[in-house]
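In what follows, chains are A, B, ... by sequence order, proteins preceding strands, each numbered from 1.
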There are 2 protein chains.
Amino acid sequence: MDGGDETAIRTQVLDAAEELFYGRGIQAVGMDAVRSASGVTLRRLYQLFPSKGELVEAYLLRRDRRWREELAAAVDRAGGSAADRVLAVFDWLDRWFAAPDFRGCAFVNAFGELGGTAPEVAAAARHHKDALRGYLAGLTVEAGATAATGDHIALLAEGAITLAAVSGAPSPARSAREAARLLLAPAVESARPPSG
Amino acid sequence: MDGGDETAIRTQVLDAAEELFYGRGIQAVGMDAVRSASGVTLRRLYQLFPSKGELVEAYLLRRDRRWREELAAAVDRAGGSAADRVLAVFDWLDRWFAAPDFRGCAFVNAFGELGGTAPEVAAAARHHKDALRGYLAGLTVEAGATAATGDHIALLAEGAITLAAVSGAPSPARSAREAARLLLAPAVESARPPSG
DNA sequence: CTGCGGCGAGAACGAACGTTCTCTTCGGTA
DNA sequence: TACCGAAGAGAACGTTCGTTCTCGCCGCAG
C-alpha cells in the first residue's frame, strides 16, 4: 500500500483528483476526498501540491496534454484523406461522449466554476481551446480549406461537446460531423483533379 | 431603502443573485453576499427563498425566460428574409459577447459547477438548451432548410458562446455567422424562383 | 543501545458558509 | 396608553473545508 516513489504517488494523486474534479466539480471536492481516493496521506498530498490551487492547475495541465494527445493519436490512426482526418475528430468525440463518465469539457466546466475568480484556471482553459483551434486549423488547411473553415470546424466541435454534456446524448457528434462534411465539401471538390 | 412590496423585493434579490452567480460562479457566492448586494435582510431573503438551492433554481428559471425572450425579440426586430433572421441570431450573440460582464452561458457554467451533484441544475440546463434548439430549428425550417440544418446552427451558436467566453473575444460570433450562412446557402438557393 | 529525523494517521485550527435565533424597534389597534 | 405581531440588524450555531500540528512508530547513524 506504500505507493512507491514520488512520481508514482503523483500519478495516483492526479488520477484520483481528475476523476473527482471532473465528475463532481472542483469546489465540491475537498482535499480529504482526494486523499482518501488516492490512498495517500494528507501530509504527502501537501508535500506534492502545496495548495489545492496547485493541484487544480496540475490536474488541468495534465488533462490538456493527454486529451489532445489522444485526439491526435485517434486522428492519426484513422488515416484516409485529409478531409477524412478532419471528420475523424468527430468520430473520436462520438466515442468520448458515449463514455459513462463523460461530463463535458473539463476546461469549460472549470472555467464556469472558477474562471471568474481564478485567473490561472481561465488561462488554462484559454490555452486548451487555443491549442485545439490550432490543431483543427492545421487539419483543415491540409484538407484544402481555409483557416476560416478551421474555425468553423472548431465551433462545431465545441458546440458538440457542450450539447452532448448537457443533453446527456452523444448525437451532437454525428450532427457536427455532418455539418463539418458540408463545410469541407467545396474545398474537397476543388482539390479534385478538374473533371471537365 | 425599504424596497416596497414582495414582488419588488423578489426582483431586487434575483437581480443581485443573477449578477453575483453569473459573474463569480454559484458556489463562490454566499447568501450573505446576495443579502448585502440586494440590500435586503437575511430574514426576508429566506422568507422568499427558503434555501440557496431554491434561489439558484429561481435564478436559472428567470434567466432562461428572459434570455430567450431577448433573443426572439432581437430576431423579430431584425426582419428580412427567413435566412436573414437566422443570421440575426449571431448578430445578437455578437453584441452579447461584447458586453463587459459576459462570461459565457449561465446554464453551461451552472452545469459544469453543479450538474454532477444537483439534478435540478442539470435539468434546467437541459431545458434551456432544448428550448434554444427548438427555436433555432423553427427559424431554420422557415428559411427552407431541414431540421438537421437547424441542429447544425445550434451547434455553431453553442460553440460560439463557449469559445467567446473562454477566449474573451467576441469574434466567434462572426465566424459562426459565416459558417451558418454557408450551411444555409443551398436551401436559400433552392428556395429562389428557378432562374433557368 | 540511544537518539534522531521522517512518516502515517488523524486530531486540531481558523475561516467561511448556510441557516436559525435573539434582541430591539416600530406601526397599528383597542 | 398598552399590547401584539412583524421585521431590521446582526449574532450565533453547526458544518465543512483548506491547512497545519501532534503523537506515536520505525529505520538508521553513532
Side-chain angles (χ1 to χ4, degrees), chain A residues 1-14 16-60 109-110 112-114 116-121, chain B residues 1-14 16-60 109-110 112-114 116-121:
Chain A
M1 276 292 174
D2 183 59
D5 62 305
E6 180 165 315
T7 79
I9 295 187
R10 250 187 98 92
T11 302
Q12 270 182 52
V13 169
L14 283 174
E18 179 163 358
E19 179 169 346
L20 290 169
F21 287 159
Y22 179 67
R24 300 190 209 161
I26 292 170
Q27 313 222 59
V29 171
M31 291 296 267
D32 215 63
V34 175
R35 178 196 69 111
S36 65
S38 62
V40 143
T41 164
L42 215 49
R43 187 211 221 10
R44 265 221 192 280
L45 185 47
Y46 274 93
Q47 277 172 357
L48 289 170
F49 305 97
S51 73
K52 186 178 181 180
E54 305 204 28
L55 176 58
V56 169
E57 265 188 272
Y59 149 60
L60 292 175
N109 292 350
E113 195 173 349
L114 301 168
T117 49
E120 325 82 49
V121 170
Chain B
M1 275 292 172
D2 182 59
D5 61 305
E6 180 166 316
T7 77
I9 295 186
R10 251 188 96 93
T11 302
Q12 271 183 50
V13 170
L14 284 173
E18 179 163 357
E19 179 169 346
L20 290 169
F21 286 159
Y22 179 67
R24 302 191 209 159
I26 292 171
Q27 313 222 62
V29 171
M31 291 296 267
D32 215 62
V34 175
R35 178 197 69 110
S36 64
S38 61
V40 143
T41 158
L42 214 50
R43 190 214 249 317
R44 266 223 194 279
L45 185 49
Y46 274 93
Q47 276 173 357
L48 290 169
F49 306 97
S51 73
K52 187 178 181 180
E54 306 204 27
L55 177 58
V56 170
E57 266 188 272
Y59 149 60
L60 292 175
N109 292 352
E113 195 173 349
L114 300 167
T117 50
E120 324 83 50
V121 170

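- Using a distance-only test at 3.5 Å, with no hydrogens or angles considered, no donor-acceptor pair links the side chain of A/Q12 to the main chain of A/G39.
- At least one side-chain heavy atom of B/K52 sits less than 4.5 Å from a side-chain heavy atom of B/I26.
- Note: A/L114 CG to B/Q27 CD = 9.0 Å, rounded to the nearest 0.5 Å.
- Note that the OH atom of B/Y22 and the CG atom of B/L60 stand 12.5 Å from one another [nearest 0.5 Å].
- At whole-Å resolution of the value, CZ in A/R35 and P in C/dC7 are 17 Å apart.
- Atom pair B/L45:CG and D/dG10:P shows a separation of 15 Å (rounding to whole Å applied).
- Note that the CG atom of B/L14 and the CD1 atom of B/I9 stand 12.0 Å from one another [nearest 0.5 Å].
- In this structure, CD in B/Q47 is found 8.5 Å from OG1 in B/T41, a value given to the nearest 0.5 Å.
- The shortest side-chain heavy-atom distance between A/D32 and A/R35 falls under the 4.5 Å cut-off.
- Near DNA chain C, defined here as any heavy-atom distance below 4.0 Å, there are no residues from residues 16-23 of chain A.
- Across the protein-nucleic acid pair, B/R24 atom CZ and C/dC17 atom C1' stand 14 Å apart, rounded to whole Å.
- For B/R44, a side-chain nitrogen or oxygen approaches OP1 or OP2 of D/dG8 to under 4.0 Å.
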**Prompt:** What string of B, S and - do you get for nucleotides 16-28 of chain D 5' to 3' if you count protein non-hydrogen atoms under 4.0 Å?
**Reply:** --SBB--------
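- At whole-Å resolution of the value, CG in B/L55 and C1' in C/dT19 are 14 Å apart.
- Looking only at side-chain heavy atoms (C-beta outward), B/M31 and B/F49 stay at 4.5 Å or farther from each other.
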